[in-house]
Amino acid sequence: MSAQIDVMLSEDQIQERIKGLASEIRKDFGNEEIILLCILKGSYIFCADLMRALGSPCQVEFLRAESYGDATETSGEVKLHYHFTKSLAGKNVILVEDIVDTGTTLKFIMESMKNKEQPKTLKLASLLSKPSRRVHETQIDYLGFEIEDKFVIGYGLDYAQNYRELPYIGVYQGDAN
Ligand code: IMP
């Protein structure tokens, strides 16, 4: 059994866009230190490539957001697990997300970060956005690609924990026999 996957964004398209995002970020922050706050699990590959494109001075911290289980729809409940190794108070923090869909996850994280950590600046970088699905208004400061309402996998994004290893973003069309 193999999955039917249509390529939506190639590896080259993704890598080119990430270079563009890194220049936008460096234009805004110059040589100031940036802390990338990687939202696990989906954004770890994007975050690693963005970090290498940004160069120094740059650090990474992790936060795990649990909302989907194995389904393709958000449950509306988001549980946050912090894995910070230091306080982010007074720092330039960029949340790194794989995809903004309804905006529920980001709403929880933004509110929690502002109350808990009080960073100097708090911005959002997202590789993908599905604006047609939005329930909570979300300001994406650095956006990779706007996409239509299709369930996508690859480059860190999963379907039931699979396909994160694909180097491209594809539309999952189900399993072929
Ligand atoms: P939101 O809270 O509805 O904005 O959903 C955001 C989270 O849902 C993302 O961080 C992903 O983990 C997951 N998600 C939303 N759309 C997709 C998709 O098309 N493929 C894989 N995961 C998705």
Side-chain angles (χ1 to χ4, degrees), residues 2-11 13-15 17-18 21 25 35-51 60-84 88 93-117 122-176:
S2 62
Q4 279 200 323
I5 300 164
D6 295 338
V7 177
M8 179 188 266
L9 296 164
S10 71
E11 188 173 358
Q13 279 175 295
I14 296 170
Q15 293 304 329
R17 187 66 195 108
I18 288 175
L21 290 178
I25 294 171
I35 309 226
L36 296 180
L37 181 47
C38 176
I39 304 170
L40 296 171
K41 296 180 188 173
S43 72
Y44 75 108
I45 292 179
F46 171 44
C47 188
D49 283 346
L50 183 62
M51 189 171 195
V60 68
E61 295 288 341
F62 297 93
L63 168 63
R64 186 158 62 86
E66 242 184 307
S67 61
Y68 264 64
D70 284 348
T72 58
E73 290 286 322
T74 185
S75 64
E77 275 293 309
V78 182
K79 234 185 184 177
L80 301 179
H81 306 268
Y82 297 89
H83 303 277
F84 300 169
L88 304 187
V93 176
I94 301 181
L95 289 167
V96 182
E97 179 62 303
D98 52 356
I99 182 165
V100 182
D101 188 28
T102 62
T104 308
T105 308
L106 256 310
K107 180 177 169 270
F108 269 77
I109 295 175
M110 280 290 184
E111 281 169 8
S112 158
M113 282 298 297
K114 278 183 198 149
N115 296 334
K116 247 177 86 82
E117 293 291 326
L122 182 60
K123 304 271 186 193
L124 170 63
S126 183
L127 180 67
L128 304 172
S129 170
K130 286 187 208 167
S132 63
R133 297 258 309 156
R134 207 71 94 244
V135 174
H136 304 285
E137 201 184 317
T138 311
Q139 188 193 324
I140 305 175
D141 303 287
Y142 308 103
L143 173 63
F145 303 91
E146 212 169 86
I147 62 167
E148 52 182 308
D149 182 11
K150 298 249 160 90
F151 192 80
V152 289
I153 53 169
Y155 198 70
L157 288 108
D158 74 306
Y159 173 64
Q161 300 303 326
N162 290 310
Y163 309 110
R164 295 189 197 274
E165 73 283 1
L166 299 175
Y168 57 84
I169 298 282
V171 181
Y172 180 73
Q173 306 282 22
D175 288 319

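Just follow the structure's listing: the first ligand is 1, and inside any ligand the first atom is 1. Atoms considered below: every heavy atom in the structure, side chains included; atoms not considered: hydrogens, waters and symmetry mates.
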Query raised in the report: Between Ser10 and Gln13, is there a donor-acceptor pair closer than 3.5 Å when you use the side chain of the first and the backbone of the second?
Result: yes
Query raised in the report: Counting only heavy atoms, which portion of Thr102 has something under 4.0 Å from ligand 1: side chain, backbone, both, or neither?
Result: both
Report task. Hey, can you tell me if Tyr155 and Phe46 have their rings parallel, tilted or perpendicular (30° and 60° cut-offs)? Result -> tilted
Requested in this report: Report yes or no: does Gly42 have a heavy atom closer than 4.0 Å to ligand 1?
Outcome: no
Report summary line: Between Ile25 and Ile94, the two heavy atoms sitting closest are CG2-CD1, 3.6 Å
Query - Residue Asp158 vicinity, atoms of ligand 1 by number, heavy atom under 4.0 Å - result: 21 (C)
Report summary line: One finds that the ligand 1 atoms under 4.0 Å from a non-hydrogen atom of Lys150 are 19 (O)
Report summary line: Note: heavy atom closest to atom 10 (O) of ligand 1, options Asp98, Leu106, Thr138, belongs to Asp98
Report task. Consider every N or O of Leu157 and every N or O of ligand 1, then say whether any pair is closer than 3.5 Å. Result -> no
Query - Check: Leu88 main-chain N/O paired with Glu117 side-chain donor or acceptor under 3.5 Å - result: yes
Requested in this report: Kindly identify the option in Ile153, Val152, Leu40 whose heavy atom sits closest to atom 20 (N) of ligand 1.
Outcome: Val152
Query raised in the report: Going by the order shown, which atoms of ligand 1 are within less than 4.0 Å of some heavy atom of Thr105?
Result: 1 (P), 2 (O), 5 (O), 6 (C)
Query raised in the report: Considering distance alone, does some N or O of Glu97 sit under 3.5 Å from an N or O of ligand 1?
Result: yes
Query raised in the report: Sub-3.5 Å donor-acceptor pair from the side chain of Arg17 to the main-chain atoms of Leu127, do we have one?
Result: no
**Report entry** Closest non-hydrogen atom pair between Ser132 and Asp149, with its separation
**Finding:** OG-CB, 3.6 Å
Report task. Measure Lys130 to ligand 1 on non-hydrogen atoms and call it side chain, backbone, both or neither using the 4.0 Å cut-off. Result -> side chain
Query raised in the report: Checking Ser43 side chain against Lys41 main chain: does a donor-acceptor pair fall under 3.5 Å?
Result: no
